[in-house]
2 protein chains.
Amino acid sequence: MPTAPDLTPQTAPVTVLGDPAFKLLADPTRAKILAFLLDPVQSCCSRSDGICGCDLETFLGVSQPTVSHHMKALVEAGLVTAEKRGRWVYYDLVPERFRTLGDALLDVARRVEDARKPSPIQLGGLPQSA
Amino acid sequence: MPTAPDLTPQTAPVTVLGDPAFKLLADPTRAKILAFLLDPVQSCCSRSDGICGCDLETFLGVSQPTVSHHMKALVEAGLVTAEKRGRWVYYDLVPERFRTLGDALLDVARRVEDARKPSPIQLGGLPQSA
DNA sequence: TCGATGGATAGATGTAGGTCAATGTGTGGT
DNA sequence: ACCACACATTGACCTACATCTATCCATCGA
């Protein structure tokens, strides 16, 4: 096993690669949660002023601690906000967070494509293969 | 524990939520791999015609089986291509895949924002809360 | 104040996954 | 034919995590 040399100081958007939030997006239960927050099934909504935890329990068909566990993770990752009003905790998506993550992925795509069609006027370094 | 009712038939872009590829983006080692493929450190590149597995081993400082393990996962997820030439396997990013995932996240962001500033002329359903 | 309801926490359990050493497979040079 | 190198596979080990039951905490209504 070799020893790692210096890390590459990547520019900002690539820094988001490795963000723990991505892991949350891969779980099927949490994916359902996010989809539900985005477009709630009315038959699962017990209240008119937002989506609360018990709605998710109904919708997902999982135990209440499981819902609580996932929501805590989503809130800590900044993907969702939680607001306690009375006995209920209301959840909402954080669009800015999704935008940040999405922009980073698009930036990766753009950079790869740009590197593959270098401008006719060679300015910078070697175009991937010398 | 309640029983789950019908699933919400989400439109296409939201379907990507839960994609296993997201999980891969969260791992720090794989994040380094992707960053390296995007912008290789020259001192870690043994060959001039692409990035091979041994370059990654050098760059990451992890064992060869670990590199192989991660690359297999990335290829199976469609994030990276692998092409064997001679003794070496050359890896490349798949920008279309990153674009698809990124677009989906931006779509989530857009939908949330659209739902929060409903047009003055109410056309569709109730704007989140009735 | 008491009970009911929504939610959080703790602990247990099973599975998934990241890493390694050891070994197998294929390719190319001598 | 042989050896060296690049990579894949196997199996072991340990950690992370998704889920559950049981229990505790907080809020509200009677």
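Note that this is a predicted model, so its numbers are computed, not measured.
B:R47 comes within 4.0 angstrom of nothing in the nucleic acid, heavy atoms only. Within the 4.0 angstrom heavy-atom criterion, no nucleotide atom of any strand lies near A:R85.
Atom CG of A:L56 is separated from atom C1' of C:dG7 by 12 Å (rounded to the nearest Å). Per the geometry, CG belonging to A:D27 stands 18 Å off P belonging to D:dA16, to the nearest Å. When the P atom of C:dG18 is taken as reference, atom NZ of B:K32 falls 15 Å away, rounded to whole Å. Between A:M71 atom CE and D:dA18 atom P the separation is 14 Å, expressed in whole Å. Remark: C1' of C:dG6 and CG of A:D49 are 14 Å apart, rounded to the nearest angstrom. With rounding to whole Å, B:D55 atom CG is found 9 Å from D:dA6 atom P. Across the protein-nucleic acid pair, A:K72 atom NZ and D:dT19 atom P stand 16 Å apart, rounded to whole Å. Put simply, CD on B:E83 is 19 Å from P on C:dG26, counting in whole angstrom units.
In this structure, B:T29 reaches the C:dT19 phosphate: one of its side-chain N or O atoms is under 4.0 Å from OP1 or OP2. Look at A:K84 and you won't find any side-chain N or O under 4.0 angstrom from OP1 or OP2 of C:dG7. Taking only side-chain nitrogens and oxygens, B:R87 never comes nearer than 4.0 Å to OP1 or OP2 of C:dT25. Phosphate proximity of C:dA16 to B:K23: absent, as no side-chain N or O sits under 4.0 Å from OP1 or OP2.
Atom CZ of residue B:R47 and atom CH2 of residue B:W88 lie 4.0 Å apart, to the nearest 0.5 angstrom. In this structure, A:D19 CG and A:T100 OG1 are separated by 9.5 Å, a value rounded to the nearest 0.5 Å. To the nearest 0.5 angstrom, A:L101 atom CG is 11.0 Å from A:L106 atom CG.
Each of C:dT19, D:dA8, D:dA18 was ranked by its minimum atom distance to the side chain of B:H70; first place goes to C:dT19. For B:S63, the side-chain atoms get nearest to C:dC20 when compared with the rest of C:dC20, D:dC17, D:dT27. Across D:dC7, C:dG7, D:dC17, the shortest atom-to-atom separation from the side chain of B:W88 is found for D:dC7. Of the candidates C:dA10, D:dT9, D:dC7, the closest approach to any side-chain atom of A:P65 belongs to C:dA10. If you check D:dA4, D:dC7, C:dT19 against the side chain of B:H69, the one that comes closest is C:dT19. Nearest nucleotide to the A:V62 side chain, out of C:dG7, D:dC20, D:dA8: D:dC20. Proximity note for B:T66 (side chain, C-beta onward) versus C:dG6, D:dC7, C:dT19: the nearest is C:dT19. Distances from the side chain of B:Y91 to the nucleotides C:dG18, D:dA8, C:dT9 place D:dA8 closest.
Nearest approach of B:M71 to B:I33, heavy atoms of both residues: SD-CG2, 3.7 Å.
Linking ILVMFWY residues whenever their side-chain heavy atoms come closer than 4.5 Å, directly or via other members, leaves B:V108 and A:V94 in distinct clusters. B:L74 and B:Y90 fall into different hydrophobic clusters, where Ile, Leu, Val, Met, Phe, Trp and Tyr are joined by side-chain heavy atoms under 4.5 Å apart, directly or via other members.
Below the 3.5 angstrom threshold, one finds a donor paired with an acceptor across the side chain of A:Q64 and the base of C:dA8.
When each of B:Y90 and A:L24 is assigned the nucleotide of DNA chain D with its nearest heavy atom, B:Y90 is the one assigned upstream, toward the 5' end.
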